[in-house]
Amino acid sequence: VIASMYSVYHGPQGLTAIAEAVHGKAVALRDALTGAGLEVVEGEVFDTLTVTVPGRAAEVVATALDSGITLWEQSADQVRLSVDEVTTQAHLGAVAAAFGVEATIQVEPAGIGGALERTSEFLTHPTFHRYRSETAMLRYLRRLSDKDFALDRGMIPLGSCTMKLNA
């Protein structure tokens, strides 16, 4: 329910902007790491990177954890990580530093192309285009909840939980 309301509130344009911002962070981090000579396994990335660090995965994960960042030690030679909409440039810098890369990472939203590019429309129902303010969203949620029947609105008869339909 929360994910659906997130989609209703942001709509296709908002979700696209969030996706491009997240993708931009992953691309910027990938470029910083590969620029320092590290190998990123994935060719095309969206939000997740697998970085090859021969024999150093545990060290990289421990260093990141000391900075308050959790990475995944996929194997002794690979570390896996993801970025999201709340990832900041400071987070990206700390991740790069955990890999031993000192770089200023400049983040720009990046268009999603290639095999990851969406070719169909999404969220086309009018509901996903209407509610852009907190007030409008709250009123929409209230209208939905008013359609629900609950104990505070009337009596629920005995047997209602087992006898949904007796045609």
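This chain uses plain numbering: 1 for the first residue, then up along the sequence. Below, each value reflects all heavy atoms present in this structure, side chains not excepted, and no hydrogens, waters or symmetry copies.
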Problem - Pairs where residues 34-46 contributes a residue and the test side chain to side chain donor-acceptor pair (under 3.5 Å) is met, not counting sequence neighbours - result: Glu42-Thr50, Glu42-Arg80
Handout entry: Test side-chain hydrogen bond (donor to acceptor under 3.5 Å, both in side chains) applied to Glu20 - qualifying residues, sequence neighbours left out
Key =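 Glu20: no side-chain hydrogen bond (donor to acceptor under 3.5 Å, both in side chains) contacts found.
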May I ask whether [X] and [Y] are part of the same hydrophobic cluster, defined by side-chain heavy atoms of I, L, V, M, F, W, Y residues being less than 4.5 angstrom apart, directly or through others?
X      : Y      : value
Val53  : Trp72  : no
Leu65  : Val95  : no
Val41  : Leu81  : no
Val27  : Val86  : no
Tyr140 : Leu138 : no

Considering all heavy atoms of both residues, which atom of [X] and which atom of [Y] are nearest to each other, and what is their separation?
X     : Y      : answer
Leu33 : Ala96  : CD2-CA, 4.2 Å
Arg30 : Gly43  : NH1-O, 3.5 Å
Phe99 : Arg56  : O-NH2, 3.2 Å
Ala26 : Val45  : CB-CG2, 4.3 Å
Leu29 : Leu92  : CD1-O, 3.9 Å
Pro12 : His129 : CG-CE1, 3.4 Å

Measuring from atom [atom1] of [X] to atom [atom2] of [Y], what distance do you get when rounded to the nearest 0.5 angstrom?
X      : Y      : atom1 : atom2 : answer
Asp47  : Lys25  : CG    : NZ    : 11.0 Å
Ser7   : His125 : OG    : NE2   : 14.0 Å
Glu85  : His10  : CD    : NE2   : 7.5 Å
Leu141 : Asp146 : CG    : CG    : 11.0 Å
Leu49  : Leu38  : CG    : CG    : 11.0 Å
Ile18  : His23  : CD1   : NE2   : 15.5 Å

Problem - Side-chain donor-acceptor pair present, Asp84, Thr87, cut-off under 3.5 Å - result: yes
Handout entry: More than 12 heavy atoms of other groups within 6.0 Å of Arg132 CZ
Key = yes
Practice task
Check the surroundings of atom CZ in Arg142: do more than 12 heavy atoms from other residues, nucleotides or ligands lie under 6.0 Å from it?
Solution key: no
Problem - Check: Gln89 side chain, Ile105 main-chain N or O, donor-acceptor pair, under 3.5 Å - result: yes
Problem - N/O donor-acceptor pair under 3.5 Å between Ser75 side chain and Asp77 backbone - result: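 Between the backbone of Asp77 and the side chain of Ser75 there is a qualifying donor-acceptor contact (under 3.5 Å).
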